[in-house]
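What follows is a short report on a single structure.
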Amino acid sequence: MSDQITLTLPDGTPLEVPRGTTALEAAEKIGSRLAKAAVAAGVDGKIVDLSAPISEDAKFAVYTFDSEEGKHVYWHSASHIMADAVMQLFPDAKPTIGPSIEDGFYYDFEVSQAFTEDDLRAIEEKMQEIIKADEAFSCTVEEKPEAEKLFEQKQNRYKLELIDEIEDESVSLYQHGEFVDLCRGPHVPSTGRIKHVKLLSVAGAYWRGSEANVMLSRIYGTAYPSKEQLEEHLHLIEEAKRRDHRKIGRELDLFSFHEEAGAGLVYYHPKGAMLRHLITEFATSEHIRRGYEIVRTPHLIKSDIWMTSGHAQQGYPMYYTEVEGQSYGIKPMNCPGHILVYKQHTRSYRDLPIRYFELGTVYRHEKSGVLHGLLRVRGFTQDDAHIFCRMDQLTDEITGVLRFADDMLHAFGFEEYEVFLSTRPEKSIGADRVWEEATEALKGALEANGLTWEIDEGGGAFYGPKIDIKMKDAIGRLWQGPTIQCDFNMPERFDMTYVGEDGQEHRPAMVHRVVLAGIERFMGVFIEQCAGEFPMWVAPVQVKVLPINDRNFDYAQEVAHRLRCEDMRVEVDTESGTLGNKIRQGEMEKVPYMLIVGDKEQEAGKVAVRKRGEGDLGQTDLAEFIEQVLPETKPDARYCAVVQ
RNA sequence: GCCCACGUAGCUCAGUCGGUAGAGCGUGUCCUUGGUAAGGACAAGGUCACGGGUUCGAAUCCCGUCGUGGGCUCCA
């Protein structure tokens, strides 16, 4: 047996090192800067501590903070340091779990008194001390009974529960300073590796995420190797606050909620209602162009229908009422209504596909704690449609929806999105075989369209699997957007049929789909996406005319009239005040164009154009301005269906 | 629904130890008629979310309800 082993680096380069070399030593051989930045290593795809000796030929990678793996290790180590700090300050706390998450980490504790925001500063300071002490992280492997003894001593039933579930005979423990934690690892070599820490918030969280369990106290935090990175992250949080649709909704006077009138129910003000009108008008015309027919169904439907559909038995969060002794349910979905319309006639295979579209307003009894601005409400309207088709048409139909969704997202400025395939949830109806078939249909359409997707296990609707499209906004956040659900269960339950070429009755397939999805939610996301600076074609007010002097009022009205003749949405600022003040007002209202008209413009039949984000563009003829901006007032034709 | 925090003028927020409220913006009136992000003066505007309780006295302390926020869970 040779004393040398060969490590294969990610680029394929071989690296000869003595057997038993640690990952850190190997990293040093590659480069001292790399070794310094290293937080963990990969050996044959497994993430290990830098102190781990390597005893055989292996694929070898060094992970720095810049990699996904590195971030995970870095943040997970930071969570241990936080737990240590908490234990020093609150010796009675019981640490439970503390993983890394997308942008940082959290740790959940059982405490008699939940942490407050004020505690964070003290904990953060204690963390700084631990970091400064640069205590080494060490890993020991203990037999399960030994580990159990340790956590029994600490009276930590959470860790005991975790140990109980580990299948191996032994478990690993990580220690730095006095703090020992059950942990799979790996960790950075020492606490000093964690540089810039920030604790962000406290929150309640159930043990293991189940509401049947006790409520723990969670602290969220993040950490970065450089101050700049931390500040960039904090800046992103600020930016998200700046874009908050609830704030912008108030500032731009778009919508409101009313405590005395019920939570989660939206009141649209004129500008918000105009925005909504423009969005839904565009969505509706695109549906018509793409072969959908508009239908309209009642909000109140006898509960028997909700039994047939399965909503009632599934415990779907509905509102019920009684009319002359009969139980009725307010619709949480539009599908049963569309099914009733379908069933009104005997359908032939020649009729299919049938695509029913409805701007369907639905109500769902969402738990009070989940309500959130426009993003989570109790009453909302979907751009909902149901496609009834033959099995041989299914892939084409799903493809059509995928393209439709792609167009619509682009039309609203969402350039990127991610696709998820959500499979059967626990609470669901129908035979396994039916679910498999439906899932395959969705998968087939995704493949046929060359899309890549991730699986969301158990994320489907109760009646069928679905494709979820999550759109990425201007600052990289993902939002639930279009969904396409493939359903063979409802047609069965409602005994839907069509007559085939063979003269026999067949069962149609059903596709439930929304593109903008909940209009309220879409508006919320859209507001955050553009930070209230709506593109011209959906801006509630497109042009504001600012007369400089009372003498210019009539001319300003004339300009406004000319623009309105071109179907533009115009306001005239007739307030008394300085031009500077009027401009400031217009800027805060985020109006795309301001036309300033003073004596000079009035005499020449011109307007002085000021564009949002660009400022003063100088004088131009009114006719010329109209000609220039008119194309902007319409949705981007590239994303509209071609009308034959 | 659960945990924690919060709720004061239309909005953003002060309000100390329990002694019945303040600012800025906005609004109204008047003055000002202005050239690319705030002209000036005066005025109006609050059952301190709501309902109980403790107290001589509650915006302030306690309980409940409603609502909001951060999460958990759920979801378009």
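First the proteins, then the strands, lettered A, B, ... as listed; each starts at 1.
- In this model, a donor atom of one side chain and an acceptor atom of the other lie less than 3.5 Å apart for A:Tyr593 and A:Glu632.
- Picking from B:C4, B:G70, B:U68 the nucleotide with the shortest atom distance to the side chain of A:Ala114 gives B:C4.
- In this view, A:Trp207 and A:Tyr158 satisfy the ring-ring contact (aromatic ring centres under 6.0 Å, His included) rule, not counting sequence neighbours.
- Every residue meeting the ring-ring contact (aromatic ring centres under 6.0 Å, His included) condition with A:His311, not counting sequence neighbours, appears here in chain and number order: A:Trp306, A:Tyr316, A:Phe462.
- Backbone-only engagement by A:His372 is indicated by non-hydrogen atom pairs under 4.0 Å involving sugar-phosphate atoms exclusively.
- Each of B:C72, B:C2, B:G35 was ranked by its minimum atom distance to the side chain of A:Met215; first place goes to B:C2.
- The aromatic rings of A:Phe257 and A:Phe255 lie perpendicular to each other, with more than 60° between the two planes, well past the 30° mark.
- Distances shown here put a side-chain N or O of A:Arg250 below 4.0 Å from the OP1 or OP2 atom of B:U12.
- Under a cut-off of 6.0 angstrom, the local environment of CZ in A:Phe414 is crowded, with over 12 non-hydrogen atoms contributed by other residues, nucleotides or ligands.
- In this view, A:Tyr555 satisfies the side-chain hydrogen bond (donor to acceptor under 3.5 Å, both in side chains) rule with no residue, not counting sequence neighbours.
- Here B:C30 presents its P atom at 13 Å from CD of A:Glu575, a figure rounded to the nearest Å.
- Distance check on atom C1': B:G15 versus B:G24 gives 15 Å, rounded to whole Å.
- At a threshold of 4.0 angstrom between heavy atoms, the contacts of A:Asn552 with the nucleic acid are absent.
- Using a cut-off of 4.0 Å between Lys/Arg side-chain N and Asp/Glu carboxylate O, A:Arg584 and A:Glu587 are scored as not salt-bridged.
- The pair A:Arg513-A:Glu397 does not meet the salt-bridge criterion, since no charged nitrogen lies less than 4.0 angstrom from a carboxylate oxygen.
- Separating the P atom of B:A58 from that of B:C50 is a span of 15 Å, rounded to the nearest Å.
- With no hydrogens or angles considered, no side-chain donor-acceptor pair links A:Glu286 and A:Tyr639 at under 3.5 Å.
- Within the nucleic acid shown, A:Gly598 comes within 4.0 Å of at least one base atom, counting heavy atoms only.
- In this structure, A:Ser368 reaches the B:G1 phosphate: one of its side-chain N or O atoms is under 4.0 Å from OP1 or OP2.
- Among B:U36, B:G35, B:G70, the nucleotide with an atom closest to any side-chain atom of A:Lys600 is B:G35.
- Every side-chain hydrogen bond (donor to acceptor under 3.5 Å, both in side chains) that A:Thr361 has, sequence neighbours left out, goes to A:Thr381.
- Within a heavy-atom distance below 4.0 Å of RNA chain B, the residues of residues 581-590 of chain A found are A:Asn581, A:Ile583, A:Arg584, A:Glu587.
- Among the heavy atoms of the strands lying under 4.0 Å from A:Tyr220 are primed sugar atoms or P, OP1, OP2 only; no base atom is included.
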Please produce a list of atom pairs where a protein N or O lies less than 3.5 Å from an N or O of nucleotides 73-76 of chain B.
from  : atom 1 : to       : atom 2 : distance (Å)
B:C74 : O2     : A:Arg376 : NH1    : 2.7
B:C74 : O2     : A:Arg376 : NH2    : 2.3
B:C74 : N3     : A:Arg376 : NH1    : 3.0
B:C75 : O2     : A:Arg521 : NH2    : 2.9
B:A76 : OP2    : A:Lys466 : NZ     : 2.9
B:A76 : O3'    : A:Gln480 : NE2    : 3.3
B:A76 : N6     : A:Val377 : N      : 3.4
B:A76 : N6     : A:Val377 : O      : 2.7

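- For the pair A:Glu260 CD and B:G51 P, the computed distance is 14 Å after rounding to whole Å.
- With B:G39, B:C72, B:G35 as the choices, the nucleotide that has an atom nearest any side-chain atom of A:Ser576 turns out to be B:G39.
- Considering only residues two or more places apart in sequence or on other chains, A:Asp407 meets the side-chain hydrogen bond (donor to acceptor under 3.5 Å, both in side chains) condition with A:Arg290.
- Counting any heavy atom pair closer than 4.0 Å across all strands shown, A:Leu371 reaches sugar-phosphate atoms only and no base atom.
- Taking A:His245 as the reference, A:Glu528 meet the side-chain hydrogen bond (donor to acceptor under 3.5 Å, both in side chains) condition, with sequence neighbours excluded.
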When you compare the protein's N or O atoms with those of nucleotides 7-9 of chain B, which come within less than 3.5 Å of each other, and at what distance?
from : atom 1 : to       : atom 2 : distance (Å)
B:G7 : N2     : A:Glu259 : OE2    : 3.2

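- In this structure, A:Glu110 reaches neither bases nor backbone, as no heavy-atom distance under 4.0 Å exists between it and the strands shown.
- Using cut-offs of 30° and 60° for the angle between ring planes, the A:Tyr356 and A:His338 rings count as perpendicular.
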Name each donor-acceptor pair under 3.5 Å that joins a side chain in residues 93-104 of chain A to protein atoms two or more places apart or in another chain, with its distance.
from     : atom 1 : to       : atom 2 : distance (Å)
A:Thr96  : OG1    : A:Asp108 : O      : 2.7
A:Ser100 : OG     : A:His72  : ND1    : 2.8

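- Both A:Leu216 and A:Gly262 sit near RNA chain B, but only A:Leu216 has its closest nucleotide nearer the 5' end.
- Stem regions for RNA chain B, each three or more consecutive Watson-Crick or G-U pairs with both distances under 3.5 Å and listed by first number, read B:1-7 with B:66-72, B:10-13 with B:22-25, B:27-31 with B:39-43, B:49-53 with B:61-65.
- Note on A:Gly360: nothing from the nucleic acid sits closer than 4.0 angstrom, heavy atoms only.
- By the side chain to side chain contact (heavy atoms under 4.5 Å, CB included) test, A:Glu281 pairs with A:His277, A:Leu278, sequence neighbours left out.
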